[in-house]
Participant: 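If you scroll down you'll find the structure; I have some questions about it.
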Amino acid sequence: MAAFRKSGNTASPDRSSAAPPGACKPDVATTIDEVRGRVALHRRRHEGAVGLVPTMGSFHEGHLSLMRAARAETEFVAVSIFVNPAQFGAVEDFDSYPRDTGGDLALAAGEGVDLFFITDSGEMYPAGHESTISTGSVAEGLCGQARPGHFSGVATVVAKLLNIVGPDSVFLGQKDAQQVAVIRRMVKDLDFDVEIRVCPTVREPGGLAMSSRNAYLSPEEKDQARALYLALREAREQVAAGETGAARIRRQMRRAIAANYLVELEYAKIVDPETMQPVQEITGEVLAAVAAKVGPARLIDNMILSP
Ligand code: PAF
């Protein structure tokens, strides 16, 4: 594992030894002031664009692909690690959400990250914090229905991270398509000066979308969870072959997923990729989105369908 050190406000990047060739050692900041100081230093030196990869840690290939995209497109890559309590419901898995900062830093070593912002609720939501982002219709359907308040929590923390880091680009995964749509809406409505880059879903060899929550699955649950991917793939093939009826596609996805007794489907929907509103007739690109409980894990996945 490469060596990491904590940054101070005026820390200069330590680009010496231990990191793999071509990479440099990232700083680790735990406070908002440290992050601001480090990014300001980069800006003062006119060293190029800043990219932000917001995460809740527990890294897998999906996170690493976002870091690689940020590395390829920007000169300074900041990765935040914060398990955000504001986006978890009272009966959700906030307490048990996997946390392994040491493992995360080891896994991300060599991805060319310049700064990790590893923080906690005391720093992000100090006593007296009460302002939040109010989301609209884009956050109401799909996951918003089963997880009331979730997207307001996501939008609030992402707004804070954008204000803290001030990136030129923020890198998000297509797997969280509704999250992307909510953040797009917020960035547009509230005039954040940032470009949103969306990176493809990274899948395990059998097709299951990578997720930190896959760690909760037994081998059999993991095997059956592939039904989500297989149903989406079949939907994509049917639409490509000329099917235009969203109701027929939805029925087919439900039937395919129901054949797996460990997969408890929450929704299988066809929606507009930007507004997340249901579509009846498929005449252009649509988003097929699914969510299901598999054992202890709530999993989501989606695919763009093009006629
Ligand atoms: O996608 C996630 O990991 C989280 O929702 C995010 C964007 C880091 C906000 O907490």
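No experiment lies behind these values; they were computed from the predicted model shown. In what follows, residues are counted from 1 in the order of the sequence shown. Remember, it's 1-based here, ligands and their atoms both numbered in the order they're listed.
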Participant: Using a strict cut-off of less than 4.0 Å between a Lys/Arg side-chain nitrogen and an Asp/Glu carboxylate oxygen, indicate whether Asp114 and Arg71 qualify as a salt bridge.
Facilitator: yes
Participant: For the residue pair Ile270 and Gln280, establish whether any side-chain heavy-atom pair is separated by less than 4.5 Å.
Facilitator: no
Participant: Establish, for the pair Arg99 and Phe94, whether the NZ or CZ atom is under 6.0 angstrom from the six-membered ring centre and no further than 45 degrees off its axis.
Facilitator: yes
Participant: What short N/O contacts, under 3.5 Å, does ligand 1 make with the protein, listed by atom pair and distance?
Facilitator:
residue	atom	partner	partner atom	Å
ligand 1	1 (O)	Gln179	OE1	3.4
ligand 1	1 (O)	Gln179	NE2	2.9
ligand 1	5 (O)	Gln87	NE2	2.9
ligand 1	5 (O)	Gln179	OE1	2.7
ligand 1	10 (O)	Gln87	OE1	2.6

Participant: Report the distance from atom NE2 of His60 to atom CD of Glu204, rounding to the nearest 0.5 Å.
Facilitator: 9.0 Å
Participant: Run Arg43 and Asp168 through salt bridge (Lys or Arg N to Asp or Glu O under 4.0 Å) and show every step you take.
Facilitator: CA-CA 11 Å; Arg43 295 279 190 206; Asp168 299 282; 3.0 Å; yes
Participant: With Phe59, which residues qualify under ring-ring contact (aromatic ring centres under 6.0 Å, His included), at least two apart?
Facilitator: His63
